[in-house]
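Just so it is clear, the model here is predicted, and its values are computed rather than measured.
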2 protein chains.
Amino acid sequence: MRVLLVGAGGVGTAITRIAARRPFLDTMIVTDYDRARAEAAVASLGDRGDRFRAERVDAGDEEAVTALLRRHACDVLLNATDPRFVMPLFRAARAAGVTYLDMAMSLSRPHPERPYEECGVKLGDAQFAQAAEWEGSGTLALVGMGVEPGLSDVFARHAADELFDEIEEIGIRDGADLTVDGLVFAPSFSIWTTIEECLNPPVVYEAERGWFTTEPFSEPEVFDFPEGIGPVECVNVEHEEVLLVPRWIDARRVTFKYGLGTEFIDTLKTLHLLGLDRTEPVTVAGPGGPVAVSPRDVVAACLPDPAALGERMRGKTCAGTLVRGLKDGKRREVYLYHVVDNQWSMAEYGCQAVVWQTAINPVVALELLASGNWTGKGVLGPEAFPARPFLNLLTEYGSPWGMREQ
Amino acid sequence: MRVLLVGAGGVGTAITRIAARRPFLDTMIVTDYDRARAEAAVASLGDRGDRFRAERVDAGDEEAVTALLRRHACDVLLNATDPRFVMPLFRAARAAGVTYLDMAMSLSRPHPERPYEECGVKLGDAQFAQAAEWEGSGTLALVGMGVEPGLSDVFARHAADELFDEIEEIGIRDGADLTVDGLVFAPSFSIWTTIEECLNPPVVYEAERGWFTTEPFSEPEVFDFPEGIGPVECVNVEHEEVLLVPRWIDARRVTFKYGLGTEFIDTLKTLHLLGLDRTEPVTVAGPGGPVAVSPRDVVAACLPDPAALGERMRGKTCAGTLVRGLKDGKRREVYLYHVVDNQWSMAEYGCQAVVWQTAINPVVALELLASGNWTGKGVLGPEAFPARPFLNLLTEYGSPWGMREQ
């Protein structure tokens with residue numbers, strides 16, 4: 001398999017380190033807008049880096065990406081950039097006739113009049129609009145194939161296949177107990193993206209209503225995360241799983257709740273109250289006269305870079321899927337989960353837990369596609385494929401998943 | 001009396017409107033860095049504006065201010081600018097040999113090693129360092145003569161003179177129930193200054209220890225404000241009264257607590273946690289390339305201008321002094337206070353309650369100096385003068401004070 005990896009940030013770099021240990025890969029072209037970042041990712045592989053090569057590319061330049069796919073005779077484009085680049089990369093893969101994978105779907109736009117009741121443009125709508133084309137050409141776009149969305153969707157499929165006869169609710173629950181030495185407040189993920197996810201209207205699916213939205217931070221609940229993480233306050237957040245799961249799995253309700261914790265939720269509410277979450281520029285006096293800046297960019301500039309915090313971070317991060325329903329006529333509730341300890345991921349891969357946990361899943365998926373265990377055409381989510389081979393291979397990678405009967 | 005008013009912002013403009021109704025004034029030269037602002041203040045006086053004249057001056061240009069004082073043969077400089085201009089204006093008045101009044105004192109600097117235990121440079125230290133010179137020349141600098149500091153100090157002196165034999169604690173308590181129609185979060189005072197006051201180490205005075213500092217937001221208490229405002233959470237804040245009162249009044253403890261309310265305190269804590277209170281510039285991507293901006297300026301730019309909110313504001317603001325001690329051998333506790341209803345100040349003066357309440361007090365003080373009821377030399381706080389004439393004149397101005405036995 002010949003892969004073009006676009007994006008050599010935290011997740012992209014972790015992907016190279018995980019893939020470098022697996023023989024299925026023939027070559028990986030590691031690209032970034034910043035060539036030095038791509039080169040650093042390849043250089044850090046050392047002896048394991050002979051199948052990897054760094055190139056520079058602008059992810060927004062569809063034609064340049066298509067040309068690169070052709071030049072290196074790649075059969076897969078793996079997108080590890082931020083969601084703004086989903087559509088140009090999706091189209092570039094289509095133009096080159098190669099398999100496409102990403103870890104986040106095309107962006108949503110709130111409903112213009114009733115943003116907290118109805119969906120406007122949903123996550124992934126732009127991609128699913130082209131599903132017939134992909135299917136017709138016999139090509140696969142595997143969308144939302146990180147950890148959440150990604151592994152969380154695989155868990156949902158596993159529950160439907162093996163654990164339940166009838167599913168009442170599928171609820172993704174994401175939580176962590178990560179702290180950073182010496183810093184009181186240090187988000188472990190891009191604050192720009194976190195604001196985007198958390199302040200967009202959360203989406204919920206119900207069989208009778210279809211997809212609908214709520215006010216931000218709705219339906220708070222305290223969820224008890226496994227492996228010592230413990231209880232964390234979770235709230236509804238806009239996330240791909242809610243859009244993906246109901247397309248392939250029969251469930252009466254699908255939600256995504258993010259374990260932000262009370263303090264972080266309050267922080268985001270305050271930023272919103274003060275208008276500091278806005279992306280439109282405001283005019284501010286600067287040392288050399290008035291300047292225009294986006295308040296959200298200023299917030300990001302005041303915080304440390306999360307990718308650089310791995311060494312000072314402690315704790316675990318958990319991604320998982322809570323499923324409620326019936327099995328053999330009896331009520332059942334299980335939580336299927338995957339936990340990564342930052343100390344372990346730093347020691348083993350030199351990667352911070354949150355980015356490492358995102359990165360392992362597309363590599364497992366690539367291996368299943370390479371071996372023919374997963375095959376498909378069209379625009380498909382992870383739940384469109386059999387779950388068992390994925391979960392077995394994840395365990396073989398040294399990162400087992402768990403299940404808790406509630 | 002011929003007065004040079006420096007600063008025609010919210011407080012300066014309110015000063016002109018209050019003074020225009022009092023005959024003691026011969027002339028007031030209204031100045032600002034922005035000539036249009038000074039002219040607008042004078043123009044808005046209409047028929048009452050014949051004793052007023054607008055000029056432009058840079059408050060930071062000591063020589064220009066001295067020249068202006070001489071040119072107009074002023075006998076008083078009234079400083080209505082922000083605290084950064086206290087020292088140049090204080091020196092300009094001294095150079096011209098005229099009386100000086102301000103409403104905030106020279107700025108503090110935290111202790112370099114133990115900021116939350118010991119004072120560094122205290123509020124007013126730079127002014128008191130020149131007290132001997134002022135006294136020697138027989139000239140008066142009346143410092144901290146707004147509402148807080150100002151009227152709050154007059155209340156302390158009144159308590160010492162007439163209400164107590166022995167004072168255990170003097171605690172200034174400032175609170176409001178102001179809201180702005182259509183805005184969930186809209187500070188009624190400059191957010192830049194509020195951050196400065198509230199995040200500086202609060203100062204406390206105790207007879208045995210002298211002045212010392214604490215962590216921000218220390219000693220929270222819920223204080224029940226009069227005239228329907230009700231209970232508000234108050235915390236220690238750095239303020240001039242704590243530095244002024246003990247110089248003239250015998251009290252075992254002096255504090256200043258600001259009724260910020262839980263929500264506002266949490267907002268300030270969050271801004272601090274995120275580093276958004278910082279004044280040193282950070283580098284941020286702008287539409288035309290990277291730019292340097294002060295995060296605190298960005299916060300201010302995202303919020304509405306408090307001076308422009310008067311029409312949409314509702315509620316009352318209260319400034320007052322809580323005194324505990326002994327009278328005739330019995331324990332006594334009183335709260336001396338002054339409340340301004342925004343609806344009244346807007347209707348009567350076209351001024352928002354918070355700025356109007358600050359502005360009335362220096363005008364009353366000027367009238368007492370003009371009439372010879374108050375006389376003094378050196379650098380003196382409001383508590384160095386008899387309180388009774390001030391309180392009587394305040395009532396005569398149509399803005400009576402109150403007293404509550406606790």
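Using a 4.5 Å cut-off between heavy atoms, B:I191 makes no contact with chain A at all. For B:V291, the part sitting under 4.5 Å from any heavy atom of chain A is the side chain, from C-beta outward, and nothing else. Only the side chain of A:T270 comes within contact range of chain B, with heavy atoms under 4.5 Å apart. In this structure, the portion of A:V282 lying under 4.5 Å from any heavy atom of chain B is its side chain and not its backbone.
A side-chain donor-acceptor contact under 3.5 Å links A:E238 and A:S108. One side chain, A:E233 or A:T262, offers a donor N or O that lies under 3.5 Å from an acceptor on the other. Counted by atom type alone, A:E197 and A:H239 present one or more donor-acceptor pairs between their side chains at under 3.5 Å.
Between chain B and the residues A:L274, A:T267, A:D297, the most heavy-atom pairs under 4.5 angstrom are made by A:L274.
No cation-pi contact links A:R278 to A:W192, judged by a cut-off of 6.0 Å to the six-membered ring centre and 45° from its axis. Note that A:R173 lies outside the cation-pi zone of A:F225, set by a 6.0 Å cut-off to the ring centre and a 45° limit from the axis.
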